[in-house]
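Notes to accompany the following structure.
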Amino acid sequence: MEYYTNTAYSSSEREERCSVIVFQQFFLDMPQKDPCQKQACEIQKCLQANNYMESKCQAVIEELRKCCARYPKGRSLICSGFEKEEEEKQTLKCTPQ
């Protein structure tokens, strides 16, 4: 028997416990779905339907911006373009003219 945190485990209990830990680690390491994936797909559909005229898809682009605003920076790969755009705007504001 082995002891973990003052608890004795038989061989089969230890194997079961190990399986649970491995499963939990696998589950935690799985890539999570991007929270703004749906909005990004809507933009692609809109652009395709409108011959890639961005001006016709402003409403769905705004929905993606709203989605991105709900999550912390770095949470959504899809939002990284907006985050970079915002950083560039801030840099321009701080640059003396």
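Predicted, not measured: the structure shown is a model, and the values here were computed from it. Heavy atoms only: backbone and side chains are in, while hydrogens, waters and symmetry mates are out.
- When the salt bridge (charged side-chain N to carboxylate O under 4.0 Å, His left out) test is applied to R65, the partners found at least two apart in sequence or on another chain are E85.
- Pairs of residues two or more places apart, or lying in two chains, that qualify as side-chain hydrogen bond (donor to acceptor under 3.5 Å, both in side chains) and include a residue from residues 34-48 are D34-S76, E42-K45.
- Note on residues 47-64: pairs passing salt bridge (charged side-chain N to carboxylate O under 4.0 Å, His left out), not counting sequence neighbours, are E63-K66.
- In this structure, the separation between NZ on K73 and SG on C68 is 12.5 Å, given to the nearest 0.5 Å.
- Note: the hydrophobic cluster containing Y52 also contains I61 (ILVMFWY, side chain heavy atoms under 4.5 Å, direct or indirect links).
- At a threshold of 4.5 Å between non-hydrogen side-chain atoms, the residues C57 and I43 do not count as touching.
- Shortest non-hydrogen contact noted between C36 and L64 is CB-CD1, 3.6 Å.
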